[in-house]
Amino acid sequence: MSVIVARGLTRTFGTGEAARRAVDDVSLSVEAGEVVLIFGPSGCGKSTLLALIGGLDRAFSGSLSLFGQEVAQLSDAALSRLRGEKIGFVFQAFHLLGHLSVIDNVMAPALFSSHDRHEPEVRARASQMLERVGLADRASSSPAELSGGQRQRVAIARALLHQPSLLLCDEPTGNLDRKTGEQIIELFAELHAELGTTIVIVTHEERISRLADRTLDMVDGKLAIGGAA
Amino acid sequence: MRLRALGKMVRGELARTRGPLVTAGFGIAVGVASLVFFLALGLGARKVLLGDVFPIDQVELEPKKTSAGLISLLGGVHEPAGIDPQSVEQLKALPGVKEVFPKLRFRFPSMARGGKEILGTEIGTHEMVGDGIDPALVAGTVTGFRDPLETPGAECSSNADCKGPQYCEKPSKAPRGQCSDPVPALVSRYLVELFDHGVAPAHGLPPVAETLIGRAQGVAFELTLGNSLLGVARHGEQRKARVKVVGISPKAIDLGVTLPVEVVRRWNREYAGEAAATRYSSVVVRVGGAGDTGHLIDAAAGLGLVPHDTRARDVSVLISGVLALLVLVASVILAVAAANIAHTFRMLVAERQHEIGLYRALGASGRDIRLWLSSLALVIGTLAGLGGALVARGGALVADWRAAKDLPDFPFKPESFFVFPWWLWLLAIGFASVFALLGAFGPARRAANTDPAQALTRDR
């Protein structure tokens, strides 16, 4: 089953002569359980592509289907629900909320879910996720007290709270040193093996390619089959 | 978004942004405090002026005055038009009319003398004016105001035949009368104030207001019927009746005494004939609300009746005008406060762009974001409204305390210049909430429309 199907996906910024195609006529299909790596230099449009296939950016042309649903036809509420329930995001900048504790950050997706009615259950699940990423003892810490690698682990735990079918990672090791980056890559490999989650990673770091079932190269907004898979 | 999660987000934001939000709420609180203070003052003024001085929920109607009165006066006899019982029934049937109370004016000359119990010396008037009202009009506010002959005493031929304070109520030319308790009388607050601030100082007499209220049951005077300084009655013989004041009432005639209508009916019949006993001098019509007064006056005009006193309407219009002005001032303060709220929320949304983008990525819809910020505004508005209303209440208490302490006694001086009905509290909170929501509307909408992809990459 295809988790993502994109046909002629295009995202243009600006108008007239200043118009620039960040994503240019991209066609892509990702099957359930696949780990797909989109590789390319900074500014090639890979983060924009990730925002499109994560339903964060709807100003595209072409067609995009997520879990069999046409994104263009979904209401904002329906797309938000789809994001909350089936998609997890891991960002390069972690995007943790500084005013919340580590465990509250992990629990944040539950604020917008209609399923998570019982806070103790959510808290227990968040604790499990923190344990899984090796940060059970830092649950009550502030994100400011954590190292970069630890913050990214918290972000991964947050992304996994709802056990998403699709994990979208934007330069997940971009802000980490080599050793910590390796640990995060290892964590992704373990999670994929355990949960079978579909993972799409955009990066410019070649070392991540060992994780991927398939590698795609992106240059100037266009996608091409890579050679690392 | 679930209510509990919404509450958690709002609480979190209140804790995080306490300073700016308190500042924004302060403006709302000041506006609401002004609004509530002015409104409560206006309601207080309305209560005293339209409740005690010029009651607005009731209108006294009387026959339209015509030049026929002057012609008859030239002939030596004046017969007022009066209101027949049929017109009274027609008034009762009008929409908005709750009750109709006919009044009979004294249609005979009279004089009064008494007051020794409270003044130490007897005082009197050579021309006594009075009227009779239905005791139901003052039911619940005055006790003992009823026709004393409802329970007639023993037969008598003179006061000597009666016991205690009773006197012999013996109509002109009747061979025998009946012992009667003194006729209960009501006087107006206006009359008491006039006496205390006008007559008493001129004659070196003590003010009576407090005494009269406290010793109302004991204050008696003698009413001479059928004779006065200006002349004698056309029918009947001069005689005396005993009257006692049983209370001060806004339903009493301004200058004179008000007695039970059946007593006046008997005396009018005795001294002025049957027409004077059955044709009412005026009717007091009690309506459902001030809004019904206008319709009543229009309908009464069709029956040839006009309001006895239009001051109530004039005062009502004046109070409404002043209130509207004060409410406008308070509304301007609230509008400025709403602008302040808008500014604070714009800043908040600008600062939270990244966070809003993250929430969208985590599953929040635009509606969730709008709901979050609107709820925050609602909580600020509610708290500010409640705070403002409490400040206004406190201000009112201080103002009342200062007024009681510093202001000299004056007619109709109330115990409190303010009225705080329950709906004023709701209005305060409602107004504050609405203005806070109005202020937050634009920023909340903008936040809901935040492009999450851009927001999340903005700081990179």
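Every heavy atom of this structure was used, including side-chain atoms; hydrogens, water molecules and symmetry mates were not. In the text below, chain A, chain B and the rest are named by the order of the sequence lines, each starting its count at 1.
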Are there more than 12 heavy atoms of other residues, nucleotides or ligands under 6.0 Å from atom CD of A/Gln163? no

Once rounded to the nearest 0.5 Å, what's the spacing between atom CZ of A/Phe94 and atom CG of B/Leu358? 13.5 Å

Check A/Ser80 against B/Ala364 and note the closest heavy-atom contact, atom names and distance. OG-O, 3.4 Å

Answer yes or no: are there more than 12 heavy-atom neighbours, outside B/Trp422 itself, under 6.0 Å from its atom CH2? no

Let's test your reading of the structure: which of A/Leu50, A/Leu52, A/Leu56 forms the most heavy-atom pairs below 4.5 Å with chain B? A/Leu56

Based on non-hydrogen pairs under 4.5 Å, which of B/Pro452, B/Ala361, B/Ala15 is most in contact with chain A? B/Ala361

Might you confirm whether atom CG of B/Asn449 has over 12 heavy atoms from other residues, nucleotides or ligands at distances under 6.0 Å? yes

So how far is it from B/Leu456 CG to A/Gln92 CD, rounded to the nearest 0.5 Å? 12.5 Å

Check step by step if side-chain contact (heavy atoms from CB on, under 4.5 Å) holds for A/Leu111 and B/Trp372. CA-CA 11 Å; A/Leu111 289 170; B/Trp372 166 42; over 6 Å; no

Atom CD in B/Glu13, atom NE2 in A/His99: separation rounded to 0.5 Å? 6.5 Å

To the nearest 0.5 Å, how far apart are CG in B/Leu362 and CE in A/Met107? 13.0 Å

Crowded around B/Phe420 CZ? As in, over 12 foreign heavy atoms under 6.0 Å? yes

Considering only heavy atoms and a distance below 4.5 Å, find which of A/Leu168, A/Leu97, A/Leu79 pairs most often with chain B. A/Leu97

Contact winner vs chain A - B/Lys8, B/Met9, B/Arg360, heavy-atom pairs under 4.5 Å: B/Arg360

Counting only heavy atoms not in A/Arg7, do more than 12 fall under 6.0 Å of its CZ? yes

Is the side chain of A/Asp76 donor-acceptor paired with the backbone N or O of B/Ser365 at a distance under 3.5 Å, no angle test? no

Quick check on A/Glu145: does its CD atom have over 12 non-hydrogen neighbours (other residues, nucleotides or ligands) under 6.0 Å away? yes

For A/Phe67, does the CZ atom sit with more than 12 other heavy atoms under 6.0 Å from it, leaving out its own atoms? yes

How many angstroms lie between atom CG of A/Leu100 and atom CZ of B/Arg16, to the nearest 0.5 angstrom? 7.0 Å

Regarding A/Arg58 and B/Asp451, does a basic nitrogen lie under 4.0 Å from an acidic carboxylate oxygen? no

